[in-house]
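Worksheet for the structure shown next.
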There are 4 protein chains.
Amino acid sequence: MSTTAERRHGPRLRADASRNRERIVAAAREAFVEHGADVTLDEIARRAGVGNATIYRHFADRSELIRQVTLEVMNRTIELAESALADEEDAFEALRRFAYGATEERIGALCPILSEDCEALAAQLAEKRARLERALQGIMDRARDSGLLRPDVASGDVMIAIAQLTRPLPGTTRVSLDRFVHRHLQLFLDGLRAPARSALPGAAATFEDLRNDH
Amino acid sequence: MSTTAERRHGPRLRADASRNRERIVAAAREAFVEHGADVTLDEIARRAGVGNATIYRHFADRSELIRQVTLEVMNRTIELAESALADEEDAFEALRRFAYGATEERIGALCPILSEDCEALAAQLAEKRARLERALQGIMDRARDSGLLRPDVASGDVMIAIAQLTRPLPGTTRVSLDRFVHRHLQLFLDGLRAPARSALPGAAATFEDLRNDH
Amino acid sequence: MSTTAERRHGPRLRADASRNRERIVAAAREAFVEHGADVTLDEIARRAGVGNATIYRHFADRSELIRQVTLEVMNRTIELAESALADEEDAFEALRRFAYGATEERIGALCPILSEDCEALAAQLAEKRARLERALQGIMDRARDSGLLRPDVASGDVMIAIAQLTRPLPGTTRVSLDRFVHRHLQLFLDGLRAPARSALPGAAATFEDLRNDH
Amino acid sequence: MSTTAERRHGPRLRADASRNRERIVAAAREAFVEHGADVTLDEIARRAGVGNATIYRHFADRSELIRQVTLEVMNRTIELAESALADEEDAFEALRRFAYGATEERIGALCPILSEDCEALAAQLAEKRARLERALQGIMDRARDSGLLRPDVASGDVMIAIAQLTRPLPGTTRVSLDRFVHRHLQLFLDGLRAPARSALPGAAATFEDLRNDH
DNA sequence: AATGAATGAGGGTTCATTCAT
DNA sequence: AATGAATGAACCCTCATTCAT
């Protein structure tokens, strides 16, 4: 019967709803990047071309939306890492491609979101995080094995530095660092090259250190 | 004698306004570091142990408070740069000392504040900014002249990277990057060393690029 | 049918926004009259039976609400003047009818609002003001031509005096002048009659003199 | 002994205090006229050249200060009425002089204060009110007896109208009616002349009607 | 399912009043 | 006695969230 009903009215509503959800997530991602982490839901709804209440049909509350945006970015970043690993001959070039690509993904704008203290997020992210870590470690392992990467750095170090160096300035500022981000990533990458030019203080960071429930 | 009494009993009931002002600025600085740039004035007042309206006796409004905190941090950072330049034999070591010291100053938490769109702030900060730039350039010039620093980086590049790499994660997160900041600064510093290991994309950043009125 | 049902049960749960808007304007008008121009929005919201934030859905801010209330009263006053001019045989009687009617419109309570320093208000009011002036001048011209009105007074004189004489006392006072307003208007009207019983000092007031942007 | 003490330190403090009180009242009167009924106590204190807390040494609270300002204005207005009655030959001219003088006293700005719902005020004002009424009635009686004043008006009518016609517009407006006040008072006075040109509606107003405790 | 409208809770700010010197 | 400083209560306004259509 439900099938009949669907046939009568077409599966349009379902498709529309699913499409709405995607549009909201995409709009939220863009809004976070452009307006900072404090964008209002009304602004996100406006960008998505839906009513504000529609957001609540798809997401329980604001942090749930943020969570989903984070997952979305994680997925894209995973794909980025995996394709960099698969495509590039030069392992260090794969690392550079990953870092530069992360800039385009605005991972710096959305990494903050990682820190939302939300246990459910940690749970959902666990798998994504692990997969991303595996991909990035793959890149780094290969580079290290090729003698291109200094051996005293771990995937967490790189992930954190990339995220921080690509973060936009807070507020609705007219100052943008966009022009310089690649420079600073490149300088950091140069510091990662073997042979190491100094002894690093502290212990290498792993993705585990980014979990907020310990 | 009163000093002795004060030492024994503590500064009794002095309730002087100038002390309150200092306490407010200090509380604001800490609050910005811990809770981000959006802390409420109530939270700041609570930390300072004063009523919220007391803040308005000392500062015209929220942005005026932010301005003063920024100036305070600028002053401390200037002193940091100047003493590093004066004290250290090795010019690159001076740079490292400056970078590490900036971590302690929480410059990453307060640099974001630079972006507050406030013309008066820019005006007041102009002199401080120039002085800080001079000091940092002094360090870098010496290091470059000693053949320790790659020649294709400018003071703005270093300032931005230090600020970004030392920023705390947003939100009231339980994740802190404190343990790793020195590592990542060190990696960046290694990337700064001569000889350059790559050609940098884009143009070198100057302090001028950090002004928000253009 | 629905109309019948509505008549029987009253407008059930219509909760339409346009009705809310009207209720807010009406509540604001009454509140201004009773409590003066400084009533809080909370009081207005309470009278309108809505939450305070609802006011902001309909009006950008406080002055926008004031603007709309003023326009509303202007419209009613224009209609008052035009119908007085059209209906009354005796031109001086038309003037009296206008003055007395203005009392009912509480124009004295709301004219003060005219002084809100708001450029947008002046702009929007310009047309209304001109139209009201035309109507009142029409009344006065006819009365003057009939030899009933002294020739040395202008429309601004009459408008100001009516507004002032019908103003309620400020504060939440228990003293009301309502009982006396018509008396004082009548005395003023008697002073307006031809022949003039004295030479008036100063220059005649026009509506132009009531604009706040010069 | 207290006399001795006073002699030792001089009666200066007493004189200063009394002088301060007068300065505060005068400053408050001016501030009310210039800035409206909502002037802050800080502004009044600034004008008086004293600290804000000093106001509280002389007046229990804001309404107590307002009360005293009202009494001050009442006193000046009484003197105005009594001297007009004593000096002028023509009884109607005395009325005109009183009305115009009231403009200079800014009675319109301070009459509002009459309406402060404060029982203590009514008590203190009772005598002043009575005395002012006697003086104004004296003027009006003489004018009526001379056949110059229409017989159907009472002192309250005149008092109210003068107060209303001389009130400044509220808010920090750039529109001032100062230029026109005398005109409108004159028109009202012309309406007061005998013979009456119309029958007045309602009952004549007495000062009793201005009391707020009934 | 989707949405425009409504709202309570909370933030920045002001000011009459009180406190401490 | 006089005052600079401190403050709670209240105002305007915003926004995440809920309601009614």
Side-chain angles (χ1 to χ4, degrees), chain A residues 9 12-14 16-18 20-21 38-45 49-65, chain B residues 12-21 38-45 48-65, chain C residues 12-21 24 38-45 48-63 65, chain D residues 9 12-14 16-18 20-21 38-45 49-65:
Chain A
H9 301 99
R12 188 118 47 107
L13 281 183
R14 264 241 276 255
D16 275 12
S18 150
N20 264 352
R21 185 191 168 92
D38 296 329
V39 232
T40 68
L41 292 188
D42 280 4
E43 168 66 15
I44 292 172
V50 302
N52 58 358
T54 301
I55 293 179
Y56 288 89
R57 181 154 302 275
H58 293 284
F59 308 95
D61 59 8
R62 182 176 224 277
S63 65
E64 168 68 18
L65 172 58
Chain B
R12 173 128 50 153
L13 278 188
R14 293 255 254 115
D16 45 345
S18 102
R19 175 127 192 100
N20 259 353
R21 185 192 168 95
D38 297 329
V39 231
T40 68
L41 292 188
D42 282 3
E43 169 66 14
I44 293 173
V50 301
N52 61 355
T54 300
I55 295 179
Y56 289 91
R57 173 160 296 272
H58 294 284
F59 308 96
D61 58 8
R62 180 176 227 279
S63 66
E64 169 69 17
L65 173 58
Chain C
R12 175 127 50 150
L13 276 189
R14 292 256 253 112
D16 45 343
S18 102
R19 176 128 192 99
N20 259 353
R21 187 193 166 93
I24 290 170
D38 297 329
V39 231
T40 69
L41 293 188
D42 282 2
E43 168 66 13
I44 293 173
V50 301
N52 60 356
T54 301
I55 295 180
Y56 290 91
R57 173 160 295 272
H58 294 284
F59 308 96
D61 58 8
R62 179 177 228 279
S63 66
L65 173 58
Chain D
H9 301 99
R12 189 119 47 109
L13 282 182
R14 262 240 278 252
D16 274 13
S18 151
N20 264 352
R21 185 192 168 91
D38 296 328
V39 231
T40 68
L41 291 188
D42 280 3
E43 168 66 14
I44 292 173
V50 302
N52 59 357
T54 302
I55 294 179
Y56 286 89
R57 182 154 301 275
H58 293 285
F59 308 96
D61 59 8
R62 182 177 225 275
S63 64
E64 168 68 17
L65 172 59

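Just so we're on the same page: letters track the sequence lines, and every chain starts at 1. Quantities reported herein were computed from a predicted structural model and do not represent experimental measurements.
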Among [options], the nucleotide that comes nearest once only the side chain of [X] is considered:
| X | options | value |
| --- | --- | --- |
| B/Val50 | F/dC13, E/dT17, F/dT7 | F/dT7 |
| A/Asn52 | E/dA2, E/dG4, F/dT3 | E/dG4 |
| D/Tyr56 | E/dT18, E/dT14, F/dC13 | E/dT18 |
| A/Leu41 | F/dC13, F/dA9, F/dT17 | F/dT17 |

Once you round to the nearest 0.5 Å, how far does OH of D/Tyr56 lie from CD of D/Glu64?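 One finds 11.5 Å between OH of D/Tyr56 and CD of D/Glu64.
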
Can you measure from CG (B/Leu41) to CD1 (B/Ile55) and round to the nearest 0.5 angstrom? 5.0 Å

Measure the distance from [atom1] on [X] to [atom2] on [N] and round it to the nearest whole Å.
| X | N | atom1 | atom2 | result |
| --- | --- | --- | --- | --- |
| C/Ile55 | E/dT7 | CD1 | C1' | 12 Å |
| C/Asp42 | F/dC11 | CG | P | 6 Å |
| C/Asp61 | F/dC13 | CG | P | 5 Å |
| A/Arg62 | F/dC15 | CZ | P | 10 Å |
| D/Glu43 | E/dA16 | CD | P | 11 Å |
| C/Leu65 | F/dC11 | CG | P | 16 Å |
| C/Ile44 | E/dA6 | CD1 | P | 16 Å |
| A/Arg21 | E/dA2 | CZ | P | 12 Å |

Taking the nucleotide of DNA chain E with the closest heavy atom to each, which residue, A/Thr54 or D/Asp38, is nearer the 5' end? A/Thr54

Taking all non-hydrogen atoms of both residues into account, name the closest pair between B/His58 and B/Asn20 and its distance. NE2-CB, 4.0 Å

Heavy-atom check, side chain of B/Leu65 versus side chain of B/Ile44, under 4.5 Å: yes

Think A/Thr40 has a side-chain N or O under 4.0 angstrom from the OP1 or OP2 of F/dC15? no

Between E/dA5 and C/His58, is there an OP1 or OP2 to side-chain N/O distance shorter than 4.0 Å? no

For B/Ser63 and B/Asp61, which I'm curious about, is there any donor-acceptor pair between the side chains at under 3.5 Å?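 Yes, side-chain donor-acceptor contact under 3.5 Å.
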
Ignoring hydrogens and angles, does a donor from either the side chain of D/Arg57 or the base of F/dA2 sit under 3.5 Å from an acceptor on the other?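 Looking at the base of F/dA2, it does pair with a donor or acceptor on the side chain of D/Arg57 (distance under 3.5 Å).
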
Identify the nucleotide, in any strand shown, that forms a Watson-Crick or G-U wobble pair with F/dT21, with both distances under 3.5 Å; if there is none, say none.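 In the structure as shown, F/dT21 has E/dA2 as its Watson-Crick or wobble partner.
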
For F/dC11, the Watson-Crick or wobble partner whose two distances fall under 3.5 Å: E/dG12

